[in-house]
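So that the names make sense, note that chain A is the first sequence line, chain B the second, and so on, each numbered from 1.
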Amino acid sequence: MVSMSSATDQLNDTHLHQVRTRILDWYAQNARKLPWRQPDTTAWGVLVSEVMLQQTQVARVWEPWLAWMQRWPGPAELAAAEPADVLIMWGRLGYPRRALRLHETAKAVVEHHDGVLPADPEKLLALPGIGEYTAAAVSSFAFGIPEVVIDTNVRRVHARIFTGDGAAAPSLTAAERRLAATLMPETTTEHGVAQANTWNVATMELGALICTARAPKCQECPVLDQCAWVAAGKPEPTTVAKTQSWNGSDRQVRGAIMGVLRAQGAIDVVHLQATVEATGRLGRHVPEDTQWNRALNGLVADGLATLKHEVLALPGTEN
DNA sequence: AATACGGGGCT
DNA sequence: AGCCCAGTATT
C-alpha cells in the first residue's frame, strides 16, 4: 500500500497532465447522454437529479426524474405541492426523507432566495438535504463554479490511480480532500474553469463506467498504464465496509409501510390497517408489535406518515 | 467516528 | 447472500 503523502510526492506535472488529458478525452467520447445533462436542464433540474442520485443508481433515477420535472419544473411548483403527493411521486427511489428535504428546499428557495436556486456552495449547503457533495456538484455542474466534487466514484478513482489502493477509506479523509484539490485543473483562465468542471464529471463517469467497485474494466481504461493500483498488481482492498443487515430490520418494515401508504394514495395511517388487510400482507417479514409500532412512530416523527386521527387499532396492536 | 436511513440490481 | 450505489443528518 502506498501512503497518501508519497502518492502526492510522486505526482509530477507531466504524469498529472497526461492523466487529465486522457480522462477528459475519454469523457468527450464516452459520456452518457443522461437527461439531466441536456443543455436545457435548469439548475433546479440538476439539483433534483443530484438528490435523487444520492445512494441511488442512474438507471433507477432516469424515468422518475423525467416524470418529476414534468410535474414540478421548478422550485415554485414543488413548493406548492402537498407533502403526501411529493412522497408518493418519489415512489421507490428509496430514502424517502430525501423527497421531504427537497420539498423543504423548494419552499426555502421561494421564501429566502426569490425563487432562484443560489449558485454559492455555502448557500446551497445551508438548504435541507444538501450536503458537501451535492452543494459542490450543483455549483460545478449547474453553475460552472469549479468546486472540488468528491463522490464515491471520484474517491475510488483517485485511490486507484494515485494512491494505489483498490478502494477508498470508509469515510472521506482530509488527505483525500487535499489530493482531489491538487488534481483539479488550474482555474486561472475561463478555459481552465470549464476544464475543471468537466474534470469533475469525467472522473465520476470513469468511476461509474470503467473504474467500478467490482470487476473494473481496466482493459478499457484510458489511464491503465498510469494507474498505481494496476502497477501494484491490483491488490485486494484492505478495508471492507461492513454491510448493514436488511432482513427483519426496521428499515425493511418502514419501507414496507411506505409502500402500503403509496399504494393507498395517501400517507395518513388512519386507513393503514384496512389497506394492509385489503392488500393481503405487508411483505415477507411480519414484524412483532414492538417493531411495528417503532417503525410507524418513527415514520410519523419523520413526517413520512401522518396521523390525522387517533388510530384505534393497528395490525397486531389490539389488546 | 458511528449509526440510521430504501430499495433494487449485480455477482 | 453479500456488495454496492452521484450521501445526509444525527448522535
Taking only the [atom1] atom of each, what is the distance from [N] to [M] in whole angstrom?
| N | M | atom1 | result |
| --- | --- | --- | --- |
| dG8(B) | dA9(C) | P | 24 Å |
| dG6(B) | dT11(C) | P | 16 Å |
| dA6(C) | dC5(B) | P | 23 Å |

Rounded to whole angstrom units, what separation is found between the [atom1] atom of [X] and the [atom2] atom of [N]?
| X | N | atom1 | atom2 | result |
| --- | --- | --- | --- | --- |
| R98(A) | dC5(C) | CZ | C1' | 10 Å |
| D302(A) | dG6(B) | CG | P | 8 Å |
| W246(A) | dA4(B) | CH2 | P | 14 Å |

Here the residues of residues 210-219 of chain A within 4.0 Å heavy-atom distance, strictly under, of DNA chain C are A213(A), R214(A)

For D250(A) and Q291(A), test the side chains for any donor-to-acceptor distance below 3.5 angstrom and give the result as yes or no.
yes

[X]: which residues meet the salt bridge (charged side-chain N to carboxylate O under 4.0 Å, His left out) condition with it, sequence neighbours left out?
| X | result |
| --- | --- |
| R156(A) | none |
| E132(A) | R177(A) |
| R22(A) | D225(A) |
| D302(A) | R97(A), R254(A) |

Enumerate donor-acceptor pairs with a distance under 3.5 Å from any side-chain N or O in residues 73-87 of chain A to protein atoms, sequence neighbours excluded.
unit_1, atom_1, unit_2, atom_2, d
E77(A), OE1, G74(A), N, 2.9

Residues T212(A) and R214(A): closest non-hydrogen pair is OG1-O, 3.0 Å

May I ask you to verify if any side-chain N or O of R251(A) is less than 4.0 angstrom from the OP1 or OP2 atom of dG7(B)?
no

Ring pair (Phe, Tyr, Trp, His ring centres under 6.0 Å): pairs with one or both residues in residues 83-137 of chain A, sequence neighbours excluded
W68(A)-W90(A)

With sequence neighbours excluded, residues passing side-chain contact (heavy atoms from CB on, under 4.5 Å) with T187(A):
P146(A), V193(A), A196(A)

May I ask you to verify whether the side chain of R60(A) and the base of dG7(B) hold a donor-acceptor pair under 3.5 Å?
yes

Let me have a per-nucleotide readout for nucleotides 6-11 of chain C, 5' to 3', with B, S or -, counting only protein heavy atoms under 4.0 Å.
BBSS--

Taking for each residue the nucleotide of DNA chain B bearing the nearest heavy atom, is the 5' side occupied by L172(A) or by G259(A)?
L172(A)

If you look at every strand shown and take non-hydrogen atoms under 4.0 Å, does R262(A) touch a base, only sugar-phosphate, or nothing?
sugar-phosphate

